[in-house]
2 protein chains.
Amino acid sequence: MLVDDRKLKILQAVIADYISTAQPIGSRTIAKKYKLGISSATIRNEMSDLEEMGYLEQPHTSAGRVPSERAYRLYVDRLMQIRNLPRKEQEIIIRELGERMDEIESIIRKTARILSQLTRYTSLVINSNLIDCRLRHIHFIQLDSNRLVAVIVTDNGIVKNTIIKTADTVTAEYLESLTRVANDKFGGMTIEELNHCIASEDYKKLAYRYSQLDSLIPMLMEGLSIVGGDDVYADGMSNLFNFPEYSDISKAKSLMEIIEEKEQLMDIIRRIGGKGVVVSIGSEMDNVYMKDCSLVTASCRVGGREIGRIGVIGPTRMEYDRVVAVLEFISGYITGMMDK
Amino acid sequence: MLVDDRKLKILQAVIADYISTAQPIGSRTIAKKYKLGISSATIRNEMSDLEEMGYLEQPHTSAGRVPSERAYRLYVDRLMQIRNLPRKEQEIIIRELGERMDEIESIIRKTARILSQLTRYTSLVINSNLIDCRLRHIHFIQLDSNRLVAVIVTDNGIVKNTIIKTADTVTAEYLESLTRVANDKFGGMTIEELNHCIASEDYKKLAYRYSQLDSLIPMLMEGLSIVGGDDVYADGMSNLFNFPEYSDISKAKSLMEIIEEKEQLMDIIRRIGGKGVVVSIGSEMDNVYMKDCSLVTASCRVGGREIGRIGVIGPTRMEYDRVVAVLEFISGYITGMMDK
DNA sequence: GTTAGCACTCTCCTTTAAGGAGTGCTAACC
DNA sequence: GGTTAGCACTCCTTAAAGGAGAGTGCTAAC
């Protein structure tokens, strides 16, 4: 059977109505609300066809119909109007995120906040695995007699730091020479290369000369592995309760647990990948706990390299058009901010 | 009327039972479960007295009784046994938090995680206003032709960074001299002093010499104000659903909103203050939305200065003894780790 | 002062019934 | 042949009613 124009119109009506009301929708309602020029009986026949084709579902006989995942997919791919973010909301984002590049952590928090506030869904911010970024600079700063701060800057401007305890008092000269040698030796390396380098003979000789390099480098490595480890930050969890889908406590709990556990969520997001905005609907994510959710993510790239993703999670009955617009704008803004 | 020993025993029984079951408890249950050597009728009389004194409440006639806030207060202050954290849990904490001092952000996340996992309540980690900490070191690192990273280290080892765009290409010598001058000039200052200094004539002369200092310092200030701003990080929100108190969606939602909004929560925590572990019960916090919650917080201090607080939020029916033990241990551990 | 007994109260759960929304089918219409 | 009105049927939802159960307060006896 073919999905002709009239069927498409009816489907669109069902989806639009269900997204805004969360109520199964019947033929009579469509006939009344959306003037399609056909009677409820005709609509009934068409809806029956659409159900047969897998676009609509009935919670039970004698309830109205509800869009299936397949319908949402069709909607997202073909029916949805791409819209621009209203000027007002653009301004809010620019104001909140500011124009300066601060610490990653601060950007993450602000982004998650504004994203959940604008969309009214739960927001996610993922900072990606930066395993292939290069060391631009290492700098050691003395804190007190037996503590140093090691500050590591990567080539894409991410700064990480870690405190290192030293065996005995370190002189200013030693520190300076250490900084110089470390930069000479390790600057420009990726984490893998660094790892490799440490195992080499060459490094062992160096470690001998700078007796403290011995314990220093493993510590640095740990610091860098933090750079490498990807993590997800969530905000606007309470937004879940805006949706009757989560008026069932156990549903709300299990979704929140998935989000807080992070492991499974990261798995899903890694699998999704892709440039630009990606919409994942329900079982497409291949995870039992996510089967009633949709996840929309967008990537933030700097110099062709993905440095993070932002996303929104909510019921499959999601205002995809609005969410996509917000994500598109914010990811573009962040990319612009960091790449400039 | 006096709260004699027998009344105390009965009260303790009611509290203990209610904390573990969340069910109003009747006289017969107490007589059976807690062998106090008196009959249910006697207990009934005593409970009637305790109600009159404001320690017990009845959800409705012919329900059992429930401890009042006043009862919890009495329990926390006088009845509760201070217990040590089990060896096993201590080990978990030490293992999870590690022995190294990383970035504040990483410590915050880890702490919040372990705290919510161990207590099974929602955990909070607050990093305090560090308005009075001093600049130890400022360092500028070139990222590319028109961007610098400014790394700021405070005297207590907190590292913040911010990216600064420069008007035109900066030479290595300029950078070095800038670093030297900035350290000479601003090292050792608090944020207020820095603010004050910038307004002075002296600074204006300096800015003239380093033409870029002009836009630089305001940017640095902003970076430092991030250091100064206190913030709260929460984890284990889904734990709220462990408690029948929050099986009512609207209750759960409003508490989660308070936690996510942060403003009101920070207000409450600031008002609480105090060294060591502090228990705040329901209306003691003077906030409508918190009237059915308890909040237990502990301070983490370094060199006599509070650098943050950790806490746990849950229903007034809270396992105070266990929560206090966990908080005491973790706050002690963090303090030790940072102070060493 | 303590205890047993008992009537009374109030909630909670289950059952039952009515109401309502929406469908599918049939037959008539254009 | 597609479209529409009519109608019986299904199934959910909500409200009301009727125990069952738990716990109290009071009284009287110990």
Side-chain angles (χ1 to χ4, degrees), chain A residues 1-11 13-15 17-18 21-68 71 244-245 247-249, chain B residues 1-11 13-15 17-18 20-68 71 244-245 247-248:
Chain A
M1 208 179 322
L2 199 84
V3 190
D4 60 21
D5 196 52
R6 191 169 70 180
K7 281 194 174 60
L8 227 48
K9 278 212 181 83
I10 293 173
L11 191 56
V14 175
I15 293 173
D17 211 78
Y18 189 68
T21 65
Q23 294 296 324
I25 179 169
S27 53
R28 226 176 95 77
T29 317
I30 293 182
K32 269 192 301 182
K33 258 171 107 170
Y34 305 83
K35 322 251 175 237
L36 301 177
I38 42 178
S39 76
S40 70
T42 310
I43 293 172
R44 214 143 50 226
N45 289 330
E46 294 286 42
M47 283 171 91
S48 180
D49 288 350
L50 284 166
E51 183 170 356
E52 210 177 299
M53 287 187 269
Y55 291 108
L56 292 181
E57 284 165 0
Q58 259 183 312
H60 53 84
T61 8
S62 91
R65 259 119 174 165
V66 159
S68 67
E245 280 85 345
S247 60
D248 176 2
I249 288 284
Chain B
M1 207 181 321
L2 198 83
V3 188
D4 59 22
D5 197 52
R6 192 168 70 180
K7 281 195 173 58
L8 227 48
K9 279 211 180 83
I10 292 173
L11 190 58
V14 174
I15 294 172
D17 211 79
Y18 188 68
S20 70
T21 67
Q23 295 296 322
I25 178 169
S27 53
R28 224 175 98 78
T29 317
I30 293 183
K32 268 194 300 182
K33 254 170 111 171
Y34 305 83
K35 322 254 174 231
L36 301 177
I38 43 179
S39 76
S40 71
T42 310
I43 293 171
R44 212 139 56 223
N45 289 331
E46 295 285 42
M47 282 171 92
S48 180
D49 288 350
L50 284 166
E51 182 170 359
E52 208 176 303
M53 287 186 271
Y55 291 108
L56 293 181
E57 284 164 358
Q58 259 182 311
H60 54 84
T61 10
S62 92
R65 259 118 174 165
V66 158
S68 67
E245 280 85 345
S247 59
D248 177 2

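The figures that follow rest on heavy atoms only: side chains count, while hydrogens, waters and symmetry mates do not. Chain A is the first sequence line, chain B the second, and so forth, proteins listed ahead of strands; every chain is numbered from 1.
- Per the geometry, CG belonging to B:D4 stands 12 Å off C1' belonging to C:dG1, to the nearest Å.
- Following rounding to the nearest Å, B:R28 (CZ) and C:dT3 (P) show an atom-to-atom distance of 15 Å.
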Practice problem: Scan nucleotides 7-15 of chain C nucleotide by nucleotide, 5' to 3', and note B when protein non-hydrogen atoms come under 4.0 Å of the base, S if they reach only the sugar-phosphate, - if neither. | Solution: --BBS----
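- Atom CG of A:D49 and atom C1' of D:dG2 are 12 Å apart (whole Å).
- In this structure, A:P59 and B:S48 both approach DNA chain D, and ranking their closest nucleotides by distance from the 5' end singles out A:P59.
- Between the CD1 atom of B:I25 and the P atom of D:dG23 there is a distance of 9 Å, given to the nearest Å.
- With rounding to whole Å, A:Q23 atom CD is found 12 Å from D:dC12 atom C1'.
- Interface residues of residues 31-45 of chain A facing DNA chain D, ordered by number: A:I38, A:S39, A:A41, A:T42, A:R44, A:N45; criterion, heavy-atom separation under 4.0 Å.
- A salt bridge links A:E46 to A:R6: at least one charged side-chain nitrogen sits closer than 4.0 Å to a carboxylate oxygen.
- In this structure, of D:dT3, C:dT23, D:dT24, it is D:dT3 that holds the atom nearest to the side chain of A:R6.
- Taking the charged nitrogens against the carboxylate oxygens, A:R65 and A:E57 have no contact shorter than 4.0 Å, which rules out a salt bridge.
- Between the side chains of A:Y55 and A:D49, no donor N or O sits under 3.5 Å from an acceptor N or O.
- Rounded to a whole Å, the CG atom of B:L56 is 10 Å from the P atom of D:dT24.
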Exercise. Give the dot-bracket string for DNA chain D, reading 5' to 3', where a pair is Watson-Crick or G-U wobble with both distances under 3.5 Å, ( ) marks pairs inside the strand, [ ] marks pairs crossing earlier ones, | marks a partner on another strand, and . marks unpaired.
Key: ||||||||||||||||||||||||||||||
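- One can place CG of B:L50 at 12 Å from P of D:dT24, the figure rounded to the nearest angstrom.
- Looking at heavy-atom distances under 4.0 Å, A:R65 makes contact with sugar-phosphate atoms alone, never a base.
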